[in-house]
Amino acid sequence: MIAELFYRRQALVLGTLSMIGIVVFWQIAVDTGFINPFFISTPSQVAAEFITQFQDGSVATNVAATLHCFAWSLGLATVVGIILGMLAGWFADVESALEPFIWFKYSAPTVAFYPLFVAWLGYGTPTIIAIAFLFALTPIYANTLSGIKNTDRDLARAARSFGARPLDIFLRVALPGSVPVMMAGLRLGVGRALTGVVVAELFGANAGLGYAITYYGQLMQTTKMMVSIVIVIVLGVLLTQILSFLETRTDSWRVDSNR
């Protein structure tokens, strides 16, 4: 029974064990003098400092500020990316018109536009949301485009044979079939949106996890800085795993042709 449970949850078990191994190695490497604690602190000190910051409310304040910008940026990127992706996937002219802008945005370093957004929107939340929005937009758009363009031709042909109109094929064949691919793009967008928020907060914010990393880093207070870094990592893992679960659920209706 234990073996069966292990195989069912193998990815979760192995991932958890690897994380525990990293933490143990980190603690041992510092305790034995292999790594100077000034540069990376220790897990025990970070845990103690996390409790302190949690009790004084700074953790809640910074996490709330980061999640606020994250939610707005991911929400906007999801709406805009899915709408543009569906239009571009269904209409070749729209794809041709959008392609130069999308791939220019993809290839150009988004952070380079930070000074422009500061000039347009000022320091703070609007600029952070704009930067994170650009970070997250491309994977959501690209996956939605791919999902719509790669509609199952056999299903579309069968729908036409029963008198389905182009709108019916889009709504009943192309759109449902592309949902799993959209979810995969959304999973990528989650990580990029969180990255965008933290990167933007590093440059100009008065709250948030990125702001805390910069603030404590400038003061050379490694343990306090590591608290925010660890929280960012944990948030990234949790959000990505949630989207991975939803992605699996949206793909559960497909029939395995190998059976």
Side-chain angles (χ1 to χ4, degrees), residues 62-89 94-95 97-118 120-149 175 178-205 207-211 213 228-229 231-251:
N62 290 327
V63 170
T66 295
L67 288 180
H68 172 76
C69 294
F70 167 80
W72 271 103
S73 60
L74 181 63
L76 290 173
T78 299
V79 173
V80 174
I82 288 178
I83 291 175
L84 292 181
M86 288 192 299
L87 291 174
V94 176
E95 180 186 5
L98 291 177
E99 188 172 9
F101 300 98
I102 293 297
W103 295 115
F104 170 77
K105 206 266 339 157
Y106 179 77
S107 60
T110 305
V111 179
F113 298 102
Y114 183 83
L116 287 176
F117 283 107
V118 170
W120 298 337
L121 304 174
Y123 281 102
T125 301
T127 295
I128 295 171
I129 292 174
I131 292 292
F133 165 79
L134 290 179
F135 265 83
L137 177 63
T138 304
I140 297 174
Y141 165 84
N143 277 52
T144 303
L145 169 66
S146 176
I148 296 295
K149 288 185 68 174
L175 191 57
S178 64
V179 168
V181 185
M182 290 183 192
M183 293 302 298
L186 188 57
R187 176 167 55 84
L188 297 174
V190 164
R192 290 182 62 84
L194 183 60
T195 300
V197 169
V198 173
V199 168
E201 288 176 343
L202 292 174
F203 291 100
L209 295 171
Y211 162 78
I213 292 171
S228 297
I229 292 175
I231 292 174
V232 169
I233 294 172
V234 171
L235 280 177
V237 171
L238 288 177
L239 292 170
T240 303
Q241 290 303 309
I242 291 172
L243 264 296
S244 295
F245 172 76
L246 293 177
E247 180 185 351
T248 303
R249 299 292 295 178
T250 58
D251 201 31

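Values below: every heavy atom of this structure, side chains too, minus hydrogens, waters and symmetry copies. Position 1 is the first residue of the sequence, and the numbers go up from there.
A heavy-atom distance below 4.5 Å is found between the side chains of Thr78 and Leu74. Residues Met182 and Thr144 form a side-chain contact, since some pair of their non-hydrogen atoms from C-beta on lies under 4.5 Å apart. With a 4.5 Å cut-off on side-chain heavy atoms, Phe117 and Leu134 count as touching.
Screening Thr125, Val63, Ile128 against His68 for a side-chain contact (heavy atoms from CB on, under 4.5 Å) leaves a single residue, Thr125.
Within the 3.5 Å criterion, the main-chain N or O of Gly208 finds a donor-acceptor partner in the side chain of Asn62. Using a distance-only test at 3.5 Å, with no hydrogens or angles considered, a donor-acceptor pair links the side chain of Thr240 to the main chain of Gly236.
In plain terms, the two heavy atoms of Pro139 and Phe135 that are nearest each other are CD-O, 3.9 Å. Minimum interatomic distance between Val197 and Ser73 (heavy atoms only, all atoms of both residues): CG2-OG, 4.0 Å. Across every non-hydrogen atom of Gly189 and Ala136, the tightest pair is O-CB, 3.5 Å. A pairwise comparison of heavy atoms in Phe70 and Val190 identifies CE1-O, 3.4 Å as the closest pair. Residue Gly85 comes nearest to Tyr141 through the heavy atom pair N-CD1, 3.5 Å, listed as atom of the first residue, atom of the second, then distance. Summarising the geometry of Leu121 relative to Ala130, their closest heavy-atom pair is CD1-CB, 3.9 Å, with the distance given to 0.1 Å.
The OG1 atom of Thr138 sits 13.5 Å away from the CZ atom of Phe101 when rounded to the nearest 0.5 Å. Taking CG of Leu137 as the reference point, atom CD1 of Ile82 lies at 11.0 Å (rounded to 0.5 Å). The distance from the CG atom of Leu243 to the CG atom of Leu186 is 4.5 Å, given to the nearest 0.5 Å. Atom CD1 of Ile233 is separated from atom OG of Ser228 by 11.0 Å, given to the nearest 0.5 angstrom. Atom CD1 of Ile131 sits about 12.0 Å away from atom CD of Glu201, to the nearest 0.5 Å. Thr66 contributes atom OG1, which lies 8.0 Å from atom CG of Leu235 (distance to the nearest 0.5 angstrom).
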